[in-house]
Amino acid sequence: AQTVTQSQPEMSVQEAETVTLSCTYDTSESDYYLFWYKQPPSRQMILVIRQEAYKQQNATENRFSVNFQKAAKSFSLKISDSQLGDAAMYFCAYRSAIWPGTYKYIFGTGTRLKVLA
Amino acid sequence: NAGVMQNPRHLVRRRGQEARLRCSPVKGHSHVYWYRQLPEEGLKFMVYLQKENIIDESGMPKERFSAEFPKEGPSILRIQQVVRGDSAAYFCASSIIPRGGARDTQYFGPGTRLTVL
């Protein structure tokens with residue numbers, strides 16, 4: 001069975017600085033997706049970034065980028081130029097891409113990010 | 001958020017009552033997932049449905065919980081005889097699987113927060 005681990009329950013970053021959130025996962029599959037979701041106090045799940053395992057290039061979305069290390073099964077999220085609006089819970093998630101399948105997401109326990117003014 | 005709607009947003013029930021949670025997927029999406037988020041935890045998969053079919057219910061408690069996704073209308077998650085431990089946020093997500101592949105992203109609704117008194 002696949003597992004996702006986020007070992008940092010809480011992180012803090014000064015506004016305009018850079019922070020990296022860690023995520024490791026375990027799987028025997030070769031094809032899968034990895035995601036980072038943001039959950040603000042409203043509880044809405046917002047997709048931040050997604051990475052396809054077969055792509056070696058790290059995904060980037062504006063101030064958000066990932067460091068995907070497939071062999072090490074590591075998928076960290078880097079937030080550059082942190083803003084107050086980035087404060088939220090961040091969840092790492094895994095989804096199989098093997099066909100056919102159920103494609104359920106497996107989430108980590110989350111990292112609460114605080115942004116200090 | 002690509003338009004998944006859930007209602008009600010907040011639901012209060014007394015122990016022993018029934019709870020019905022509704023999810024309207026993004027128009028054209030025929031795959032629905034339900035997840036449960038207990039306080040201070042990540043989301044946990046409950047059930048995956050396609051129109052009129054339950055595909056994977058491996059995350060559903062064996063008793064009191066049921067789900068359906070009829071040909072017409074929203075998906076319903078039903079919890080009978082609720083207990084305090086059912087208090088949680090319940091999220092619905094929908095997806096469309098592109099022809100010929102397993103590449104998709106799940107779009108999440110805003111969640112229903114169930115409180116059992």
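- Heavy atoms closer than 4.5 Å to chain B are found in the side chain of A:Phe91, but not in its backbone.
- The pair B:Arg64-B:Asp86 meets the salt-bridge criterion, since a charged nitrogen lies less than 4.0 angstrom from a carboxylate oxygen.
- Here B:Glu18 pairs with B:Arg20 under the side-chain hydrogen bond (donor to acceptor under 3.5 Å, both in side chains) rule; sequence neighbours left out.
- Contacts with chain A (heavy atom to heavy atom, under 4.5 Å) involve these residues of residues 30-50 of chain B, listed by number: B:Tyr33, B:Tyr35, B:Gln37, B:Glu40, B:Glu41, B:Gly42, B:Leu43, B:Phe45, B:Tyr48.
- Ring-plane geometry between A:Tyr105 and A:Tyr37 is classed as tilted, the angle between the planes lying from 30 to 60 degrees on a 0 to 90 degree scale.
- The shortest side-chain heavy-atom distance between A:Gln2 and A:Val4 does not fall under the 4.5 Å cut-off.
- Qualifying side-chain contact (heavy atoms from CB on, under 4.5 Å) partners for B:Glu68, counting only residues two or more places apart in sequence or in other chains: B:Pro70, B:Ile76.
- With a threshold of 4.5 angstrom between heavy atoms, B:Ser95 does not approach chain A through any atom at all.
- In this structure, A:Arg95 forms no cation-pi arrangement with A:Tyr32, as its terminal cationic atom is not both closer than 6.0 Å to the ring centre and no more than 45° off the ring axis.
- Taking the salt bridge (Lys or Arg N to Asp or Glu O under 4.0 Å) definition, one finds that B:Glu72 meets it with nothing, sequence neighbours left out.
- For A:Gln6, no part lies under 4.5 angstrom from a heavy atom of chain B.
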